Amino acid sequence: MSRSTTMLPRDGDTGEAQTANGSRASLAVAMLGFAVVTLDTQVVNVALPDISTDLGGSLSGLQWVVTGYTLMFSALLLFAGTFADRIGARRAYQIGMLIFVVASAGCGFAPSLGWLVAARIVQGIGAALVTPTSLALIRAAYHEPAARARAIAYWAMGGSIAAAAGPVLGGALTQLDWRWIFFLNLPVGAVAVLVLRRAADSPRTVTPFDATGQIAAVLALGGLTFAVIEGGEFGYASPRILTAFGVALVASAVFLTAQVRGRHPMVPLDLFRSRAVSISLAVGFINMAGFYGVVFLQSLYFQQQRGASPLVTGLLFLPMTGLVAAFNPLAARIAARFGRAATIIGGQLVMVTGLLGLVLLPGDAPIWLVAAVMVPVGVGGSFTVPPTTALILDSVTPQRAGTASGVFNTFRQLGGSLGVAGFGAVVAAQADFRIGLQISLTATAVLILLTAAASLLLRGACT
């Protein structure tokens, strides 16, 4: 046999190598997409005081910088899954990432706060398309359950690291210029689109789309968020706020009607007949509202009330966010040892401990102590979310796992949006920032105690 012949791979080897390369490309693209989308939910909070100084605007304007992104993210998650099924995950991911990158550039070059908020809303649309399609790319590339589970674990790890790094990276970049927190997305998005060419695509299916339900959902969530955020400035009895509440109410009624009578509902309402599903959705909503609300207000507290720099503020968040990433894998083992219900309840009680600890701290407490007391807020969530997610998936048939997961993540992101809106509205209504912060934290602690009490009903539903 000649030397040139021995150097040639066999056809089967070539096919296997190409498949392996395509799988790695799919995983890399999925991790990049989920990481950058997750990063942008956290990185902007530390930059808010500098954004306010540069572009002006009130507290409500800063709320929209955060909420505009998460609102569209949550409102379009279910649509994004259907969209990916219709045109293929690779094409849907590409469209979503291009929207995200262009909107990020718009954020970075924003000449006014209104422009920045508009660009953040468009960013949220791109993020909503990227998130479910990143998982669909993994599903298409990894056919063996064990390999797919490992890939999903890497995907989740990328998001956890991005969430932990967000405040620190945001603080470091803001030291240079807050606009760099958005320009950072441009090279990451460019790399993702280039690598996407080698990723495997998902099969396309003709999936019906609930246009009435989707439009009604956006109007309902947008109207409610506007009323909550702007009500503190214009008064909750003002005509524009009452109109916004009216739009939210009518749109909610249209949405519910579409889900009951429509042929292809976005959210099958019979999901809520399951006690486990209903309680899990409430837990996910309230816990995310508390977490996002704490990050939003504590970022302002450290910088505006305690005089910390953006970088120091980011470092103060690192114990809380870093331990979230560290403890997420541990939650599965704790749930296997003590049961999901006990883990879910325990996680919520730990979070309540942190919230009430922040309420009771004296105003002149060292900022390192404030950062330490914030740790249970993050750790409690890290022990609550994984077993709650598993419970949701185990409470429905395999055919409805995708829908149930989409609904759960929508509730979580919506909780984050309304948490920022609600916390900010309470603070805006008070003459003293600290009083508003204490009221918000106390109210959230009470709500989490209620969901923890409701979680006692899960003891017979899960182990």
Side-chain angles (χ1 to χ4, degrees), residues 39-70 104 107-120 123 163 165-184 229-230 232-233 291-321 358 361 363-368 370-371 374 377 416-417 419-438 440-441:
L39 182 70
D40 265 54
T41 64
Q42 300 292 333
V43 72
V44 73
N45 286 283
V46 178
L48 291 176
D50 280 51
I51 291 173
S52 178
T53 300
D54 195 7
L55 301 181
S58 61
L59 177 62
S60 63
L62 298 181
Q63 288 173 264
W64 279 113
V65 173
V66 178
T67 304
Y69 178 80
T70 56
S104 295
C107 292
F109 288 113
S112 66
L113 191 63
W115 179 289
L116 177 59
V117 170
R120 284 284 284 173
Q123 230 190 354
V168 178
L169 185 59
L173 292 175
T174 302
Q175 294 288 106
L176 303 174
D177 191 321
W178 63 264
R179 297 177 187 274
W180 281 106
I181 67 176
F182 299 111
F183 290 143
L184 176 68
I229 290 178
E230 301 295 340
E233 181 175 348
F291 183 81
Y292 272 48
V294 166
V295 173
F296 174 71
L297 286 189
Q298 290 296 123
S299 296
L300 298 177
Y301 170 78
F302 283 135
Q303 295 181 73
Q304 295 183 344
Q305 305 296 312
R306 304 301 298 270
S309 68
L311 179 57
V312 169
T313 299
L315 292 172
L316 289 170
F317 275 103
L318 186 58
M320 180 179 76
T321 57
L358 290 172
L361 277 178
D364 59 352
I367 57 174
W368 64 264
V370 179
M374 287 164 52
V377 177
S417 299
V420 172
F423 273 48
V426 171
V427 168
Q430 306 300 316
D432 182 83
F433 182 95
R434 180 170 166 74
I435 293 175
L437 177 62
Q438 290 175 321
S440 298
L441 296 173

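This structure is a prediction, so every number in the text was calculated from the model and none was measured.
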Would you give the length of the straight line joining atom [atom1] of [X] to atom [atom2] of [Y], rounded to the nearest 0.5 angstrom?
X      : Y      : atom1 : atom2 : result
Phe183 : Trp178 : CZ    : CH2   : 8.0 Å
Leu437 : Asp432 : CG    : CG    : 9.5 Å
Gln63  : Leu300 : CD    : CG    : 9.0 Å
Arg120 : Asp40  : CZ    : CG    : 5.5 Å
Leu318 : Thr313 : CG    : OG1   : 12.5 Å
Leu316 : Gln298 : CG    : CD    : 10.0 Å

For [X], give me all partners under side chain to side chain donor-acceptor pair (under 3.5 Å), at least two apart in sequence or on another chain.
X      : result
Glu230 : Trp64
Asn45  : none
Ser52  : none
Ser417 : Thr70

Grab the two heavy atoms, one from [X] and one from [Y], that are nearest each other, plus how far apart they are.
X      : Y      : value
Tyr292 : Val420 : O-CG2, 3.9 Å
Thr321 : Ala163 : CB-O, 3.9 Å
Gln42  : Pro167 : CB-CD, 4.3 Å
Phe296 : Leu62  : CE1-O, 4.1 Å

Excluding sequence neighbours, so at least two apart, what forms side chain to side chain contact (heavy atoms under 4.5 Å, CB included) with [X]?
X      : answer
Leu184 : Leu39, Leu169, Leu173
Ser104 : Phe100, Gln123, Asn185, Leu186
Ala425 : Val228, Tyr236
Pro111 : Trp115

> Looking at residues at least two apart in the chain, or sitting in another chain, which of them share a ring-ring contact (aromatic ring centres under 6.0 Å, His included) with Trp368?
Replying inline: none
> Quick one: ring-ring contact (aromatic ring centres under 6.0 Å, His included) partners of Phe433, sequence neighbours excluded?
Replying inline: none
> Does the pair Val65 and Leu116 meet the rule for a side-chain contact (heavy atoms from CB on, under 4.5 Å), with working shown?
Replying inline: CA-CA 7 Å; Val65 173; Leu116 177 59; 4.0 Å; yes
> Val377 versus Val295: any side-chain heavy-atom pair under 4.5 Å?
Replying inline: no
>> Apply side-chain contact (heavy atoms from CB on, under 4.5 Å) to residues Val43 and Phe182 and explain how you reach the verdict.
In response: CA-CA 9 Å; Val43 72; Phe182 299 111; 5.8 Å; no
Listed pairs under 3.5 Å, donor-acceptor, residues 302-311 side chains, sequence neighbours left out:
| residue | atom | partner | partner atom | Å |
| --- | --- | --- | --- | --- |
| Gln303 | NE2 | Val46 | O | 2.8 |
| Gln303 | NE2 | Ser299 | O | 3.4 |
| Arg306 | NH1 | Tyr301 | OH | 2.9 |
| Arg306 | NH1 | Ala365 | O | 2.9 |
| Arg306 | NH2 | Ala365 | O | 2.8 |
| Ser309 | OG | Val312 | N | 3.2 |

> Under the side-chain contact (heavy atoms from CB on, under 4.5 Å) criterion, do Leu48 and Val66 qualify, and how do the steps go?
Replying inline: CA-CA 9 Å; Leu48 291 176; Val66 178; 4.0 Å; yes
> Under the salt bridge (Lys or Arg N to Asp or Glu O under 4.0 Å) rule, what pairs show up with a residue in residues 41-68, not counting sequence neighbours?
Replying inline: Asp54-Arg179
